[in-house]
2 protein chains.
Amino acid sequence: MTRTLTRRTTAADVAREAGVSPATVGFVLNRTKGQTISEETRARVLAAVEVLNYKPHHAARALRSGKSKIVLLVLPDWPLEHSLRTNLEALTHTLGDNGYALITFTPQPHSSATPLWAVLEPAVVIGYKPFSAEDLAELKALGIRNIIPNPETPGMGAAADLESGPRLQAEHLLSLGHTKLGFACPPDPRLAAFVKTRLDVVTRVCIRAGLSSPVVRQVDYRDGSGPSAAAHWVAEGVTGVVAYNDDVAADVIAGAVRSGLSVPGDLCVVGHDNSPLASRYIPSISSVEIDMESLGKQSAHLALNLAEGYPMPASPLSAASLVHRESTTHTTRNDSVLRKSPRS
Amino acid sequence: MTRTLTRRTTAADVAREAGVSPATVGFVLNRTKGQTISEETRARVLAAVEVLNYKPHHAARALRSGKSKIVLLVLPDWPLEHSLRTNLEALTHTLGDNGYALITFTPQPHSSATPLWAVLEPAVVIGYKPFSAEDLAELKALGIRNIIPNPETPGMGAAADLESGPRLQAEHLLSLGHTKLGFACPPDPRLAAFVKTRLDVVTRVCIRAGLSSPVVRQVDYRDGSGPSAAAHWVAEGVTGVVAYNDDVAADVIAGAVRSGLSVPGDLCVVGHDNSPLASRYIPSISSVEIDMESLGKQSAHLALNLAEGYPMPASPLSAASLVHRESTTHTTRNDSVLRKSPRS
DNA sequence: CCCAATCACTAGTACGTACTAGTGGTTCTA
DNA sequence: TAGAACCACTAGTACGTACTAGTGATTGGG
């Protein structure tokens with residue numbers, strides 16, 4: 001009579017309770033195609049599941065089928081931006097609605113931890129940056145074939161539009177009459193590739209408009225780079241600065257104000273991501289809003305398509321748009337809120 | 001000769017390659033206690049592992065042993081604060097160094113997704129807020145006994161010190177001579193419990209100093225609450241405001257500036273978390289720094305203790321400290337950077 | 001009315017691991 | 001020199017699921 005410390009409820013228990021074979025339970029629960037089950041039996045099984053509070057054992061399922069209902073998202077170890085977070089939420093939600101769990105995972109460079117993909121038998125692995133050759137080899141060795149982005153299946157990239165954001169930033173400043181632009185980038189070396197992409201776009205816009213290339217400066221709130229960068233830009237005749245993101249934009253503004261300049265009076269600044277900080281700052285920061293929610297949904301559908309051949313929805317071109325705020329507005333009521341501080 | 005689509009390398013393959021039995025491979029790889037293996041055999045097995053690039057199959061291991069090297073951290077669905085992120089990183093790292101993977105997971109309220117704990121066979125489940133009775137029942141039904149915080153093992157709480165932060169905030173303002181305080185809270189209902197805890201602490205400090213209770217106002221950058229709250233506080237004679245965190249502090253400052261007040265001239269503001277925003281803002285925001293890294297490490301050791309009986313290190317009392325910046329500094333050089341805008 | 005096809009199931013196995021019970025062989029003790 | 005103790009291993013099984021092959025019963029066509 002004494003059970004071994006309350007065993008787990010298994011499909012066999014359910015089968016006994018419902019008076020059927022374990023196989024039937026499996027058929028009912030998995031809606032196995034090509035197997036017909038009478039309505040009455042199905043109901044009896046489901047009732048037994050309910051009564052015994054049966055939960056399938058993930059490990060056993062993964063072992064048997066070699067699959068799991070897990071999508072693994074590999075995040076880079078660079079700082080999580082606000083926009084990414086929104087993206088993540090949409091992704092989690094859409095996958096969740098389809099019975100998949102999203103696990104995010106940031107590989108630690110110097111950790112001895114086993115990478116999660118070796119551990120989880122994930123149905124799909126998504127990388128926010130392309131995988132290294134090593135990682136790809138390991139994934140293949142583990143039999144994971146659903147990989148995004150996949151070098152063997154071009155077009156399976158996590159279709160992020162990396163260009164329209166910076167283009168909008170630059171065009172915004174040009175349309176306001178600025179003729180010499182600055183570009184403010186964060187010091188984090190892990191962001192270098194992205195910084196380069198965005199700078200290239202801005203440079204291209206400038207050249208095409210017959211202007212000189214943007215004046216690039218690194219800005220960070222932790223060192224004294226803000227004020228000197230601002231002074232440098234103004235000395236070079238720059239009047240509008242494209243910032244890598246809203247955080248950097250804030251650092252630029254802080255630098256300008258602290259070196260006695262006014263924003264937007266002496267320097268206009270555009271951010272990127274439209275994070276809460278952009279609304280929150282004084283002056284409020286003009287920024288590019290990217291529809292991260294539909295981007296997240298798109299990634300989810302891509303993953304589901306790979307995992308189960310769900311149909312792909314017509315890709316809704318993710319729209320980037322510019323939110324115009326004080327940091328690029330010359331003459332408004334709010335302009336008077338902040339004033340250049342008196343020199344000497 | 002034709003294999004079934006390149007089968008996975010198993011322990012049996014390793015055994016064959018090394019010329020031993022599968023059991024021996026297991027003994028070598030798991031360093032099974034109470035089992036002696038000759039140095040020669042051990043080396044042969046390890047060499048075979050290397051040659052075949054063998055990776056143990058997690059699902060099979062989890063199935064057989066009922067355990068996994070996974071610690072599941074259940075995050076609330078309220079906004080991730082900056083300090084939490086630091087905490088997470090330390091936690092991930094410490095666990096990783098011990099061969100455990102940390103998976104974070106935010107249950108989606110209206111999603112049909114299976115909770116990850118039902119799926120992963122985690123060694124430990126940590127909740128940043130206490131689990132509901134329902135969740136606890138489910139965890140128990142799944143045979144997961146390592147739960148933090150655990151109502152059945154008091155003292156197994158994720159030992160967060162929720163009180164010293166707000167106490168420092170209030171005492172800082174009092175020490176600067178403020179005699180009537182305001183308290184600024186965020187509107188998010190999911191934070192209500194934390195808001196209450198912090199407000200209670202601030203109130204207690206005020207009462208004990210012979211002052212009246214703080215004047216509470218909700219502030220959010222998305223509605224117009226900032227300016228009106230600031231005006232209200234000043235009208236009530238409040239000169240120092242304790243903000244729930246740095247984001248809220250920024251909203252308070254923005255509100256004050258936009259209603260024609262000066263910070264810290266008319267109103268001093270203290271934040272909480274010492275996020276980048278606090279240094280970045282103009283004026284820079286005084287804030288409470290909490291040593292989230294050692295907190296994270298402590299949680300990790302708690303989890304390892306539960307999972308494998310690792311010894312607990314002497315708990316390093318997590319120190320909270322106040323970082324003094326412009327937002328509570330009456331007369332400094334920087335004070336002149338921002339000025340009250342002229343009325344009318 | 002007979003054979004085929006379909007229905008509604010069941011018996012039984014494989015997935016890859018961890019570990020128990022056992023097995024020869026050697027060394028040590030009395 | 002018998003027996004105990006130990007060493008270094010192996011055979012084999014259980015974990016819980018998904019699914020293949022098979023099995024009686026019913027239906028359908030000619």
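Just so we're on the same page: letters track the sequence lines, and every chain starts at 1.
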(message) By the 4.0 Å heavy-atom rule, please label A23(A) as base, sugar-phosphate, or nothing.
(response) base

(request) Please tell me which of the listed nucleotides, dC19(D), dT10(D), dT17(C), lies nearest to the side chain of R64(A)? (result) dC19(D)

(request) Compare the minimum distances between each of dG16(C), dT10(C), dT17(D) and the side chain of T10(B), then state the nucleotide with the smallest one. (result) dG16(C)

(message) Does dC9(C) have its OP1 or OP2 closer than 4.0 Å to a side-chain nitrogen or oxygen of T41(A)?
(response) yes

(request) Side chain of L63(B) only, please: which of dT17(C), dG16(D), dA11(C) is the nearest? (result) dG16(D)

(request) Write down the distance between CD (E39(A)) and P (dC7(C)), rounded to a whole number of angstrom. (result) 15 Å

(request) Measure from CG on D13(B) to P on dC15(C) and round the result to the nearest Å. (result) 11 Å

(request) Return the value, rounded to whole Å, for the distance between atom CZ of F27(B) and atom P of dA18(C). (result) 11 Å

(message) Regarding T36(B), tell me which of base, sugar-phosphate or nothing describes its non-hydrogen contacts under 4.0 Å with the strands shown.
(response) base

(request) Have a look at S38(A) and say if it touches a base, only the backbone sugar-phosphate, or nothing, with a 4.0 Å heavy-atom cut-off. (result) sugar-phosphate

(request) Tell me which nucleotide among dC9(D), dA18(C), dA8(C) gets nearest to the side chain of Q35(A). (result) dA8(C)

(request) Would you kindly give the CZ-to-P distance between R16(A) and dG16(D), to the nearest whole Å? (result) 12 Å

